[in-house]
Amino acid sequence: MAVSFKELGLVNTREMFAKAVKGGFAVPAYNFNNLEQMQAILQACVETRSPVILQVSSGARKYANQTLLRYLAQGAVEYAKEISGDGKGIPIALNLDHGDTFELCKDCVDMGFSNVMIDGSHHPYDENIELTKKVVEYAHKYDVTVEGELGVLAGIEDDVKAAEHIYTQPDEVEDFTKRTGVDSLAISIGTSHGAFKFKPGTNPKIRLDILQEIEKRIPGFCIVMHGSSSVPQHLVAKINKYGGALKDAIGIGEDQIREAVKSAVCKVNIDSDGRLAMTAAVREVLATKPEEFDPRKYLGPAREALKELYKHKNINVLNSAGQA
Ligand code: G3H
Ligand code: 13P
Ligand code: ZN
């Protein structure tokens, strides 16, 4: 039986994005696969009074089971109310990250997601339009908002490896958004997924000039930036200190994310930084307290580290603190 996101207390992204575009901030979109990640995201966003998008990838669905994740998100709404102190909580959207087929997006709409991403960016332009439009037509019937994508991020996206970025062409964005009816658009301007975004010794810069061009063509439209982890070097160093082997992990400078957020970027996807924060904390506990074997003794500190990371993002990078 289909369930509406509204019955679960979730919201779609329409209002949060309208506020973000006007207010010069971005709504954080954080991925989760388990209880501790969900708790950390909610604690950070409630404490900083930030709206939030909880994201579930296909990989997360396989790892944790789609039904359990959906119930965790439903639980998140009640959890936020409980810990917020005022009983109201914060606006929470539940997004399918990198949906690749109509059927998967439909499934998620039917099971209570409030936003779905259809990533047709690997298809030829007209096929991308056709697929995205089909998802929009279905999702909008249930007031579920939709994110599309134009341009391809280098690295691994939906299990497809792209050696080079295919930057979004500003000339296409107006036609694409009009013909598909999407509510937000993910673009490729030099970010990529994972912890190894740039070669060492280069001067990592994203193409804010392309972002500006895109904004001129579709003023006020919500732009989404994937692959926006900054790969904090203190976390990489901590992982390596306690037995890890991450060589040349490099991310996007926070100053560049801050710049992007001031303009049309109103959703920023961050996953890898959270993985680094959790891994560093777990490694530290296991290396310094080898007698511990209670998972709460390492997952607890990992959750705390994740929460601090996300608070920092909301307050100092995305400017979303206080916007709930
Ligand atoms: O876009 C990628 C996200 O970081 C999710 O990663 O597919 O390994 O869950 P995943
Ligand atoms: P990062 O790998 O940079 O955290 O990007 C995550 C992402 O884009 C999820 O869709
Ligand atoms: Zn992504």
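For reference, positions follow the sequence shown, starting with 1.
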Requested in this report: Answer with yes or no whether the side chains of Q74 and R70 bring together a donor and an acceptor at under 3.5 Å.
Outcome: yes
Query raised in the report: Mind checking what makes disulfide bond (SG atoms under 2.5 Å apart) contact with C105, not counting sequence neighbours?
Result: none
Report summary line: Contacts of D294 meeting side chain to side chain donor-acceptor pair (under 3.5 Å) (sequence neighbours excluded), chain-then-number -> R296
Query raised in the report: Within the distance-only criterion (no hydrogens, no angle test), does the side chain of S229 pair as donor or acceptor with the backbone N or O of D273 below 3.5 angstrom?
Result: yes
**Report entry** Heavy-atom check, side chain of E215 versus side chain of I223, under 4.5 Å
**Finding:** no
Query - side-chain contact (heavy atoms from CB on, under 4.5 Å) partner of H193, chosen from L153, N269, D271 - result: L153
**Report entry** hydrophobic_cluster_shared for Y142 and I53, side chain cutoff 4.5 Å
**Finding:** no
Requested in this report: Please list all pairs passing the salt bridge (Lys or Arg N to Asp or Glu O under 4.0 Å) test where one or both residues lie in residues 42-59, with sequence neighbours left out.
Outcome: E47-K307, E47-K311, R49-D86
Query raised in the report: Would you call V109 and V135 a side-chain contact if the rule is heavy atoms closer than 4.5 Å?
Result: no
Query - Gap separating the CD1 atom of I118 from the NE2 atom of H98, nearest 0.5 angstrom - result: 11.5 Å
**Report entry** N/O donor-acceptor pair under 3.5 Å between D119 side chain and E149 backbone
**Finding:** no
Query raised in the report: Transitively linked via ILVMFWY side-chain contacts under 4.5 Å: V21 with V173?
Result: no
Query raised in the report: What distance separates I189 CD1 from L211 CG, expressed to the nearest 0.5 Å?
Result: 5.0 Å
Query raised in the report: Does any pair with a residue in residues 18-48 pass disulfide bond (SG atoms under 2.5 Å apart), and if so which ones, sequence neighbours excluded?
Result: none
Query - Note, M225 side chain near Q256 side chain (heavy atom, < 4.5 Å) - result: no
Query raised in the report: Okay, side chain of S114, backbone of V11: is any donor-acceptor separation there less than 3.5 Å?
Result: yes
Query raised in the report: Salt bridge or not for K133 and E137, using N-O below 4.0 Å?
Result: yes
Query raised in the report: Taking all atoms of both residues into account, what is the closest heavy-atom pair of A324 and P51, and its distance?
Result: N-CD, 3.7 Å
Query raised in the report: Could you give the distance from CD (Q37) to CE (M278), rounded to the nearest 0.5 Å?
Result: 5.0 Å
Requested in this report: Would you check if Q43 and Y79 make a side-chain contact, meaning some heavy-atom pair closer than 4.5 Å?
Outcome: yes
Requested in this report: Could you tell me whether a side-chain N or O of R258 sits under 3.5 Å from a main-chain N or O of N316, the two making a donor and an acceptor?
Outcome: yes
Query - Residue pair P28 / L318: nearest heavy atoms and the distance that separates them - result: CB-CD1, 3.6 Å
Query - Salt-bridge criterion met for K81 and E78 (N-O under 4.0 Å) - result: yes
**Report entry** A20 versus V27, closest heavy-atom pair with distance
**Finding:** CB-CG2, 4.2 Å
Report task. May I ask you to decide if F102's main-chain N or O and K134's side chain share a donor-acceptor pair within less than 3.5 Å? Result -> no
Query raised in the report: Out of curiosity, does M111 fall in the hydrophobic cluster containing V146 (side-chain heavy atoms, cut-off under 4.5 Å, transitive links)?
Result: yes
Query raised in the report: Are more than 12 heavy atoms from other residues, nucleotides or ligands located less than 6.0 Å from atom OH of Y125?
Result: yes
Query raised in the report: Could you give the distance from CE (M117) to CG (D100), rounded to the nearest 0.5 Å?
Result: 10.5 Å
**Report entry** No-hydrogen, no-angle side-chain donor-acceptor test under 3.5 Å, N128 and H123
**Finding:** no
**Report entry** CG-CZ distance between L8 and F113, expressed to the nearest 0.5 angstrom
**Finding:** 10.5 Å
Report task. Using the test side-chain contact (heavy atoms from CB on, under 4.5 Å), find all partners of E213 that sit at least two apart in sequence or belong to another chain. Result -> P170, K216, R217
Report task. Please examine the side chains of S228 and I252, heavy atoms only from C-beta on, and report whether any two atoms are closer than 4.5 Å. Result -> no
Report task. Check whether more than 12 heavy atoms from other residues, nucleotides or ligands sit under 6.0 Å from atom CD of E130, and answer yes or no. Result -> no
Query raised in the report: Is there a path from F196 to V231 through hydrophobic residues (I, L, V, M, F, W, Y) whose side chains come within less than 4.5 Å of each other?
Result: yes
Requested in this report: Evaluate the side-chain contact (heavy atoms from CB on, under 4.5 Å) criterion for residues L306 and E36: first the C-alpha distance (whole Å), next the side-chain angles of each, then the deciding distance (0.1 Å), finally the verdict.
Outcome: CA-CA 9 Å; L306 190 54; E36 282 78 8; over 6 Å; no
Query raised in the report: Say you draw a straight line from CD of E174 to CD1 of I218; how long is it, rounded to the nearest 0.5 Å?
Result: 8.0 Å
Query raised in the report: Would D183 and T145 count as having a side-chain donor-acceptor pair, cut-off 3.5 Å?
Result: no
Query raised in the report: Between T202 and P200, is there a donor-acceptor pair closer than 3.5 Å when you use the side chain of the first and the backbone of the second?
Result: no
Query raised in the report: Hey, are D110 and Y138 close enough side-chain-wise for a donor-acceptor pair under 3.5 Å?
Result: yes
Report task. Apply side-chain contact (heavy atoms from CB on, under 4.5 Å) to the pair I187 and V265, showing each step before the final yes or no. Result -> CA-CA 10 Å; I187 58 165; V265 170; 5.5 Å; no
Query raised in the report: Would you say the side-chain atoms of T168 pair up with the backbone N or O of L150, donor to acceptor, closer than 3.5 Å?
Result: yes
Requested in this report: Using a 4.5 Å cut-off on heavy atoms from C-beta on, say whether the side chain of V182 contacts that of T132.
Outcome: yes
Query - Beyond-backbone contact of V77 with F5, side-chain heavy atoms, under 4.5 angstrom - result: no
Requested in this report: Answer yes or no: does atom CD of Q233 have more than 12 heavy-atom neighbours from other residues, nucleotides or ligands under 6.0 Å?
Outcome: yes
Report task. Answer whether the closest heavy-atom distance between the side chains of L42 and L54 falls below 4.5 Å. Result -> yes
Report task. Write out all pairs satisfying ring pair (Phe, Tyr, Trp, His ring centres under 6.0 Å) with one or both partners inside residues 293-313, taking only residues at least two apart or from two chains. Result -> Y30-Y310
